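This structure is a prediction, so every number in the text was calculated from the model and none was measured.
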Amino acid sequence: MTSVLNAHLQNQLFSAYALQEILDNPIEGETPQSRLKQVGMMTVLYMIHQSHEKLTLSNIVEITGLTRNAVKESVDPLVARGILRETLVKNSMGRGTARQFEFHPELFERLSRSGSSSKP
């Protein structure tokens with residue numbers, strides 16, 4: 001039962017972190033609508049991450065049903081904020097490149113510190 005509670009706590013911490021990081025720290029020229037899209041995208045990306053799926057542009061497009069451009073509009077600011085790291089990898093067919101993302105490892109370190117400090 002403890003692991004279920006820990007997972008639930010981490011999910012809540014992640015959501016709170018996403019809201020705080022995105023809404024409290026706007027990028028110059030960014031609209032409120034863009035920030036809300038980023039919060040939604042963070043939720044989707046976290047669910048994909050928890051499913052151990054790769055965070056590639058193609059996977060995100062397939063899962064969300066959004067266009068590549070719509071995904072890029074939400075993901076690129078997350079890379080600019082340092083929440084996501086982007087690497088170029090071989091595409092699924094082994095030729096050409098694909099954009100792959102991962103959450104910055106420091107994000108989970110912060111979440112685990114926050115979660116452990118809230119325990120009695």
Side-chain angles (χ1 to χ4, degrees):
M1 183 69 144
T2 304
S3 62
V4 172
L5 291 174
N6 286 340
H8 183 68
L9 177 61
Q10 184 171 0
N11 289 343
Q12 287 182 329
L13 287 170
F14 184 86
S15 295
Y17 170 81
L19 282 170
Q20 181 179 20
E21 187 65 27
I22 294 167
L23 297 181
D24 289 351
N25 302 305
I27 296 172
E28 187 176 329
E30 187 176 54
T31 65
Q33 180 180 2
S34 171
R35 289 193 299 276
L36 285 176
K37 285 180 180 180
Q38 290 172 56
V39 170
M41 183 58 72
M42 286 283 287
T43 302
V44 170
L45 295 176
Y46 187 67
M47 291 174 68
I48 296 170
H49 171 80
Q50 292 295 87
S51 301
H52 304 289
E53 295 288 327
K54 292 183 180 179
L55 295 176
T56 62
L57 200 57
S58 295
N59 278 351
I60 299 165
V61 165
E62 183 179 329
I63 289 167
T64 63
L66 295 169
T67 65
R68 292 179 80 76
N69 282 339
V71 170
K72 289 196 287 192
E73 285 176 6
S74 295
V75 170
D76 287 346
L78 298 174
V79 172
R81 290 177 190 283
I83 295 171
L84 293 178
R85 289 198 298 196
E86 177 183 1
T87 55
L88 292 178
V89 297
K90 292 226 181 264
N91 67 16
S92 60
M93 298 176 71
R95 41 191 173 154
T97 57
R99 293 174 68 185
Q100 184 168 322
F101 306 94
E102 65 179 340
F103 286 105
H104 199 287
E106 186 179 293
L107 182 148
F108 294 110
E109 290 171 18
R110 279 190 246 156
L111 291 178
S112 68
R113 285 194 304 266
S114 296
S116 64
S117 66
S118 66
K119 291 180 185 174

J.: Please test Thr97 against Val89 for side-chain contact (heavy atoms from CB on, under 4.5 Å), starting from the C-alpha separation and ending with a verdict.
T.: CA-CA 5 Å; Thr97 57; Val89 297; over 6 Å; no
J.: In Å, rounded to the nearest 0.5 Å, how long is the span from NZ of Lys37 to CE of Met41?
T.: 9.5 Å
J.: Of all residues at least two apart in sequence or in a different chain, which pass the side chain to side chain contact (heavy atoms under 4.5 Å, CB included) check with Ala80?
T.: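 Ile27.
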J.: Can you sort out the partners of Glu53 under side chain to side chain donor-acceptor pair (under 3.5 Å), two or more places apart, ordered by chain and number?
T.: none
J.: Taking only residues two or more places apart in sequence, or in another chain, which ones meet Arg68 in a salt bridge (charged side-chain N to carboxylate O under 4.0 Å, His left out)?
T.: none
J.: Nearest 0.5 Å, please: how far is CE in Met42 from CD1 in Ile22?
T.: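 CE of Met42 is found 5.0 Å from CD1 of Ile22.
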J.: Please say yes or no: joined through hydrophobic side-chain contacts below 4.5 Å, possibly via intermediate residues, are Leu78 and Leu19 part of one cluster?
T.: yes
J.: Quick check for you: to the nearest 0.5 Å, what is the distance between Ser34 atom OG and Asp76 atom CG?
T.: 10.0 Å
J.: For Glu102, which residues count as a salt bridge (charged side-chain N to carboxylate O under 4.0 Å, His left out) partner, sequence neighbours excluded?
T.: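 Scan of Glu102 (salt bridge (charged side-chain N to carboxylate O under 4.0 Å, His left out), adjacent residues dropped) gives Arg85.
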J.: Quick one, Leu66 with Val61, criterion side-chain contact (heavy atoms from CB on, under 4.5 Å). Give me CA distance, side-chain angles, the key distance, then yes/no.
T.: CA-CA 5 Å; Leu66 295 169; Val61 165; 5.8 Å; no
J.: Test of understanding: with side chain to side chain donor-acceptor pair (under 3.5 Å), list the residues that count as partners of Gln12, not counting sequence neighbours.
T.: His8
J.: Check for a donor-acceptor pair, side chain of Thr64 on one end and backbone N or O of Ile60 on the other, with a separation under 3.5 Å.
T.: yes
J.: Would you compute the distance between atom CD of Gln38 and atom CD of Gln33 and round it to the nearest 0.5 angstrom?
T.: 11.5 Å
J.: Going by ring pair (Phe, Tyr, Trp, His ring centres under 6.0 Å), name the residues that satisfy it together with Phe103, two or more places apart in sequence or in a different chain.
T.: Phe14, His49, Phe108
J.: For Asp24, check side chain to side chain contact (heavy atoms under 4.5 Å, CB included) against everything at least two apart and list the hits.
T.: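 Gln20.
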J.: If you compare all heavy atoms of Lys72 against all heavy atoms of Pro77, which two are closest, and at what distance to 0.1 Å?
T.: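 In terms of heavy atoms, the two residues are closest at O-CD, 4.1 Å.
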J.: In the single-linkage hydrophobic clustering (I, L, V, M, F, W, Y; side-chain heavy atoms under 4.5 Å), do Leu45 and Leu23 co-cluster?
T.: yes
J.: Checking Thr43 now: which residues fulfil side chain to side chain donor-acceptor pair (under 3.5 Å) with it, not counting sequence neighbours?
T.: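 Listed in chain order: nothing, the list is empty.
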J.: Partners of Ala16 by side chain to side chain contact (heavy atoms under 4.5 Å, CB included), sequence neighbours excluded?
T.: none
J.: Would you please name every residue forming a side chain to side chain contact (heavy atoms under 4.5 Å, CB included) with Thr56, sequence neighbours left out?
T.: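 With sequence neighbours excluded, Thr56 shows a side chain to side chain contact (heavy atoms under 4.5 Å, CB included) to Lys54, Ser58, Asn59, Gln100, given in chain and number order.
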J.: List in chain and number order the residues that pass salt bridge (charged side-chain N to carboxylate O under 4.0 Å, His left out) with Glu86, two or more places apart in sequence or in another chain; answer none if no residue qualifies.
T.: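 With neighbours one apart ignored, the set is Arg99.
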J.: Give the intermediate values and the outcome of side-chain contact (heavy atoms from CB on, under 4.5 Å) for residues Thr87 and Phe101.
T.: CA-CA 6 Å; Thr87 55; Phe101 306 94; over 6 Å; no
J.: If the condition is side chain to side chain donor-acceptor pair (under 3.5 Å), which residues does Ser15 pass it with, not counting sequence neighbours?
T.: none
J.: Please check if atom CD in Glu62 has more than 12 non-hydrogen atoms from other residues, nucleotides or ligands closer than 6.0 Å.
T.: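 No, the 6.0 Å shell around CD holds no more than 12 heavy atoms from other groups.
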J.: Decide side-chain contact (heavy atoms from CB on, under 4.5 Å) for His104 and Leu84; before the verdict, give the C-alpha distance in whole Å, the side-chain angles of both, and the deciding distance to 0.1 Å.
T.: CA-CA 5 Å; His104 199 287; Leu84 293 178; over 6 Å; no
